[in-house]
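Note: hydrogens, waters and symmetry copies are ignored here, and every other heavy atom, side chains too, is used. We count residues from 1, following the sequence as given.
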Amino acid sequence: VKTAELTFTSDARYNPVQVVPITMNVMSGNQLDLKVYLEGPYNTGTGMMNTYLLSNGFLPLAQPFNPALPYYGNPTPFWLYAGSEAVAAVPAGVVDWVMVEIRDAANGGAATSATIEEQFAAFLMEDGSIKDLDGTSFPVFTTNIDFGLFAVIYQRNHASVMNAAPIADAGGGMYAYDFTTAAGQAYLGGQTMLAAGVYGMYGGEGNGDEQINTPDKVDVWAPEAGSSGYRGGDFNLDGQANSQDKVDVWSPNAGQSSQVPN
């Protein structure tokens, strides 16, 4: 949001008026209203995601998608991003950071990495909404969409998703999409069922290669088992890397992968 000051004047010989400064907010860009769930922290009892990383003080103040490489042995994580997003304090209700990628293509199959127009880091909230760094406003992107808007959502230890069909402008530059209502809301059905009629991103993808496989267990989870903090092997995002992450999240999903075209 940009602030602009408009001052109205008149030639006093014709229509004398008082000079009054008026300040108004002008939205620069389009707003993105997305909803998505992560399998790991999803709580079937509340229908929301747990915020244990926040309550334990483990969430970093700066976006985490630009780590030292290689990342658990992977020199090129798909979500690698050098943005400067950071906060003085993480807002209430945050589950984790996500990175959102704007692609412009006529259909999902054409929405490859060659169509990337913009990227930004944002916060995933406990209700599944993605918010800007203040934790309340929608993220804003400046790209003009020529064909169709596809939004890819990355998180550090879940397989990424992309909308199945282009997101339409609902009016006034607002683009809204809910991934959670059906597996098919994600391109090629790349989600898992969390509860009856509720879907989310597959957990257990720890090294950023978009495959849930043995390296996620051996190279990510195993070295961190028994430790706490902001850990790649903490697949359920409770602040602890332990057997629950392997048994409840990684093991059922082994063999799954992101369906986002690259």
Side-chain angles (χ1 to χ4, degrees), residues 1-3 25-43 46 48-69 71-72 77-102 116-143 151-158 160-161 173-177 179-180 200-201 203 205-206 208 224 227-241:
V1 176
K2 294 184 178 179
T3 299
N25 290 329
V26 180
M27 181 62 66
S28 177
N30 304 299
Q31 296 183 84
L32 194 59
D33 178 8
L34 299 175
K35 182 176 181 180
V36 69
Y37 287 137
L38 302 177
E39 177 187 17
Y42 184 77
N43 186 324
T46 64
M48 302 176 76
M49 289 178 288
N50 296 322
T51 59
Y52 294 142
L53 293 179
L54 175 62
S55 60
N56 285 291
F58 293 146
L59 284 175
L61 297 178
Q63 66 90 2
F65 300 103
N66 191 26
L69 298 175
Y71 184 75
Y72 296 105
F78 277 93
W79 41 249
L80 197 62
Y81 167 66
S84 60
E85 290 91 341
V87 294
V90 178
V94 171
V95 176
D96 199 359
W97 289 86
V98 291
M99 196 269 279
V100 180
E101 194 170 78
I102 303 297
I116 296 172
E117 296 288 342
E118 196 168 336
Q119 297 171 312
F120 57 84
F123 286 129
L124 177 63
M125 312 304 290
E126 59 189 338
D127 64 357
S129 62
I130 292 178
K131 294 297 176 64
D132 210 343
L133 302 187
D134 60 4
T136 58
S137 60
F138 294 118
V140 174
F141 66 96
T142 59
T143 299
V152 181
I153 302 173
Y154 295 97
Q155 189 267 348
R156 64 198 172 90
N157 55 21
H158 285 64
S160 65
V161 292
M174 172 63 78
Y175 292 80
Y177 196 84
F179 284 87
T180 70
M201 294 165 61
E205 200 291 274
E224 296 183 339
S227 62
S228 61
Y230 193 67
R231 303 291 186 179
D234 175 23
F235 299 138
N236 66 2
L237 277 66
D238 68 353
Q240 307 287 327

Taking [X] for the side chain and [Y] for the main chain, is one N or O donor matched with an acceptor at less than 3.5 Å?
{"X": "E118", "Y": "T143", "answer": "yes"}
{"X": "D132", "Y": "D134", "answer": "no"}
{"X": "W97", "Y": "F65", "answer": "no"}

Side-chain contact test, heavy atoms from C-beta onward, threshold under 4.5 Å: evaluate it for [X] versus [Y] and give yes or no.
{"X": "N157", "Y": "Q155", "value": "yes"}
{"X": "D234", "Y": "L53", "value": "yes"}
{"X": "E39", "Y": "H158", "value": "yes"}
{"X": "P64", "Y": "L59", "value": "no"}
{"X": "D238", "Y": "N50", "value": "no"}
{"X": "I130", "Y": "P139", "value": "yes"}
{"X": "V100", "Y": "F141", "value": "no"}
{"X": "M99", "Y": "F120", "value": "no"}

Inset, instruction - Would you list the pairs meeting salt bridge (Lys or Arg N to Asp or Glu O under 4.0 Å) in which at least one residue belongs to residues 86-101, sequence neighbours left out? - result: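 Output for this query lists D96-R156, E101-R103.
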Inset, instruction - Only counting residues at least two apart or in another chain, list the ones meeting ring-ring contact (aromatic ring centres under 6.0 Å, His included) with F78. - result: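 With neighbours one apart ignored, the set is empty.
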Inset, instruction - Could you grab the distance from atom CG of L34 to atom OG1 of T180, nearest 0.5 Å is fine? - result: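 It comes to 11.5 Å.
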Inset, instruction - To the nearest 0.5 Å, tell me how far T46 OG1 sits from E126 CD. - result: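 Going from the OG1 atom of T46 to the CD atom of E126 covers 8.0 Å.
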Inset, instruction - Assess the pair Y154 and Y81: is the distance between their ring centroids shorter than 6.0 Å? - result: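 Not close enough - the centres of the two rings lie 6.0 Å or further apart.
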Nearest heavy atoms of [X] and [Y], plus distance in Å:
{"X": "M49", "Y": "Y42", "result": "CG-CA, 3.9 Å"}
{"X": "A151", "Y": "L32", "result": "CB-CD2, 4.5 Å"}
{"X": "V95", "Y": "P41", "result": "CG1-CG, 3.9 Å"}
{"X": "L124", "Y": "V36", "result": "CD1-O, 3.6 Å"}
{"X": "P67", "Y": "L80", "result": "CD-CD1, 3.9 Å"}

Inset, instruction - Please indicate whether Y52 has more than 12 foreign heavy atoms, meaning atoms of other residues, nucleotides or ligands, lying under 6.0 Å from its OH. - result: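 For Y52, atom OH is not crowded (no more than 12 foreign heavy atoms under 6.0 Å).
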Legend entry - Residue pair Y72 / E224, side-chain donor-acceptor N/O under 3.5 Å: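 Present: a donor and an acceptor within the cut-off.
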Legend entry - Charged tip of K35 within 45° of F179 ring normal and under 6.0 Å: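 Negative - K35 is either too far from the ring of F179 or too far off its axis.
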Inset, instruction - Report the relative orientation of the aromatic rings in Y71 and W79; use parallel for angles under 30°, tilted for 30 to 60°, perpendicular for over 60°. - result: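 If you compare the ring of Y71 with that of W79, the planes turn out perpendicular.
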